[in-house]
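See structure below.
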Amino acid sequence: NNMHLHNYLTLLTSSEQQMSESFRKVAEHHRDEPDIYYMCFMMASWSDEHVRKLKPYLEQYSEKAGKSREPERLSQTLFKSPRKGSLALLRDLHDLWLINKENEVSWSVILQASRALHDFELEKLCLVLQKETKRQSDWLFTRIKQAAPQTLVASE
């Protein structure tokens, strides 16, 4: 049912936009951490590119989709705004990682659908952008592991 594929494409587009905005907020909020600042801006640009590359498929599959409120219901804001205090960076990175994992699952779901539909262009796109999403995830998780002992064990 192509309507459901359109729902997932909409969900992923909105989640990638949220990823990009959230990366930028974290970069600005933690600009005293040079690696956070530069890496978050770079990764935000990847998510912007993902949104741009999804657009033609959103249009292609919307014609067959009809109207549904499902994407609105599926979309939830995991990230409100950056935090303050010593736990802030760790919790912000954790939130980014959760949004990113949401995207990883959506890329996998859309990849499976593209294969079933023999949409080779969409399949190719999923394979490439899924790798970038995984790179975001890997960096975030590494950075979370670095921040954890400093935050949870180091004295205030």
Side-chain angles (χ1 to χ4, degrees), residues 1-30 33 35-62 64-65 67-83 87-148:
N1 183 337
N2 291 343
M3 182 157 113
H4 297 316
L5 175 55
H6 183 260
N7 285 341
Y8 256 91
L9 288 164
T10 304
L11 174 67
L12 180 57
T13 301
S14 135
S15 193
E16 285 282 7
Q17 280 166 333
Q18 189 190 353
M19 181 98 256
S20 165
E21 288 161 20
S22 301
F23 265 129
R24 283 190 178 84
K25 282 182 191 166
V26 170
E28 291 292 350
H29 195 72
H30 301 286
E33 302 268 352
D35 70 310
I36 295 291
Y37 188 77
Y38 294 110
M39 289 300 289
C40 283
F41 268 107
M42 184 177 81
M43 294 195 179
S45 74
W46 294 0
S47 287
D48 288 337
E49 197 59 15
H50 295 184
V51 169
R52 197 182 63 73
K53 289 179 173 170
L54 277 166
K55 209 175 208 128
Y57 298 98
L58 259 177
E59 286 161 15
Q60 179 186 332
Y61 286 101
S62 76
K64 304 165 181 130
K67 274 280 164 237
S68 167
R69 295 182 53 78
E70 192 62 22
E72 291 169 36
R73 284 209 345 255
L74 288 171
S75 164
Q76 62 195 33
T77 305
L78 288 166
F79 189 88
K80 301 284 189 225
S81 63
R83 296 167 173 84
L87 251 186
L89 178 61
L90 182 60
R91 295 294 297 128
D92 289 347
L93 292 169
H94 190 152
D95 272 2
L96 287 174
W97 185 83
L98 288 170
I99 300 167
N100 178 271
K101 285 296 162 186
E102 176 83 21
N103 293 352
E104 266 189 42
V105 172
S106 293
W107 280 117
S108 295
V109 167
I110 293 167
L111 174 63
Q112 298 311 313
S114 69
R115 287 177 173 159
L117 291 165
H118 306 292
D119 185 335
F120 301 112
E121 290 302 307
L122 181 55
E123 178 181 0
K124 201 164 62 180
L125 182 75
C126 286
L127 289 168
V128 172
L129 300 189
Q130 197 177 35
K131 277 198 184 94
E132 274 189 358
T133 302
K134 175 83 171 86
R135 284 173 63 199
Q136 288 173 327
S137 169
D138 290 347
W139 177 77
L140 284 164
F141 200 59
T142 299
R143 202 57 188 75
I144 286 167
K145 288 192 286 189
Q146 284 172 2

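Atom CD of Glu49 is separated from atom OG of Ser20 by 11.0 Å, given to the nearest 0.5 angstrom. Tyr61 OH to Asn7 CG: the interatomic distance, rounded to the nearest 0.5 Å, is 14.0 Å. Rounded to the nearest 0.5 Å, atoms CG (Leu93) and NZ (Lys145) are 13.0 Å apart. Residue Ile110 holds its CD1 atom at 13.0 Å from CD of Glu123, rounded to the nearest 0.5 Å. Considering CE of Met19 and CG of Asp95, their distance stands at 9.5 Å, rounded to 0.5 Å. Remark: Glu104 CD to Leu129 CG distance equals 12.5 Å, nearest 0.5 Å.
In this structure, His94 and Trp97 have perpendicular ring planes: the angle between them is above 60°, well past the 30° mark.
No option in Arg143, Gln146, His30 other than Arg143 meets the side chain to side chain donor-acceptor pair (under 3.5 Å) test with Asp35.
For the pair Gln130/Leu127, a side-chain contact is recorded, criterion being any heavy-atom separation below 4.5 Å from C-beta on. Considering only heavy atoms from C-beta on, Gln60 comes within 4.5 Å of Asp119 through its side chain. Between Gln136 and Ser47 the shortest side-chain heavy-atom distance falls below 4.5 Å. Side-chain contact between Val51 and Leu12: absent, with no pair of heavy atoms (C-beta onward) separated by less than 4.5 Å. You'll find the side chain of Glu16 stays beyond 4.5 Å of the side chain of Trp46, heavy atoms only. You'll find the side chain of Phe23 reaches within 4.5 Å of the side chain of Leu140, heavy atoms only. A heavy-atom distance below 4.5 Å is not found between the side chains of Val128 and Lys53.
Without hydrogens or angle criteria, Ser62 side chain to Glu59 main chain gives a donor-acceptor distance under 3.5 Å. Of the possible donor and acceptor atoms, one in the side chain of Ser45 sits under 3.5 Å from a partner among the backbone N and O of Met42. Judged by distance alone, with hydrogens and angles left aside, the side-chain atoms of Thr13 form a donor-acceptor pair with the main-chain N or O of Leu9 at under 3.5 Å.
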Pair Arg135-Glu132, salt bridge (Lys or Arg N to Asp or Glu O under 4.0 Å): steps then yes or no
CA-CA 5 Å; Arg135 284 173 63 199; Glu132 274 189 358; 5.2 Å; no
Test side-chain contact (heavy atoms from CB on, under 4.5 Å) applied to Arg115 and Phe120, step by step:
CA-CA 7 Å; Arg115 287 177 173 159; Phe120 301 112; over 6 Å; no
Apply salt bridge (Lys or Arg N to Asp or Glu O under 4.0 Å) to residues Asp48 and Arg24 and explain how you reach the verdict.
CA-CA 11 Å; Asp48 288 337; Arg24 283 190 178 84; 2.5 Å; yes
Salt bridge (Lys or Arg N to Asp or Glu O under 4.0 Å) assessment of Lys25 paired with Asp92
CA-CA 10 Å; Lys25 282 182 191 166; Asp92 289 347; over 6 Å; no
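Pairing each heavy atom of Ile36 with each of Leu89, the nearest pair is CD1-CD1, 3.9 Å. When all heavy atoms of Leu58 and His6 are compared, the pair lying nearest together is O-CD2, 3.3 Å.
For an aromatic pair to be called close, the ring centres must be under 6.0 Å apart, and Phe41 with Tyr37 satisfies this.
For Asp138, the side chain to side chain contact (heavy atoms under 4.5 Å, CB included) test picks out Lys134, with sequence neighbours left out.
For Thr133 and Asn103, the side-chain atoms include no donor-acceptor pair closer than 3.5 Å.
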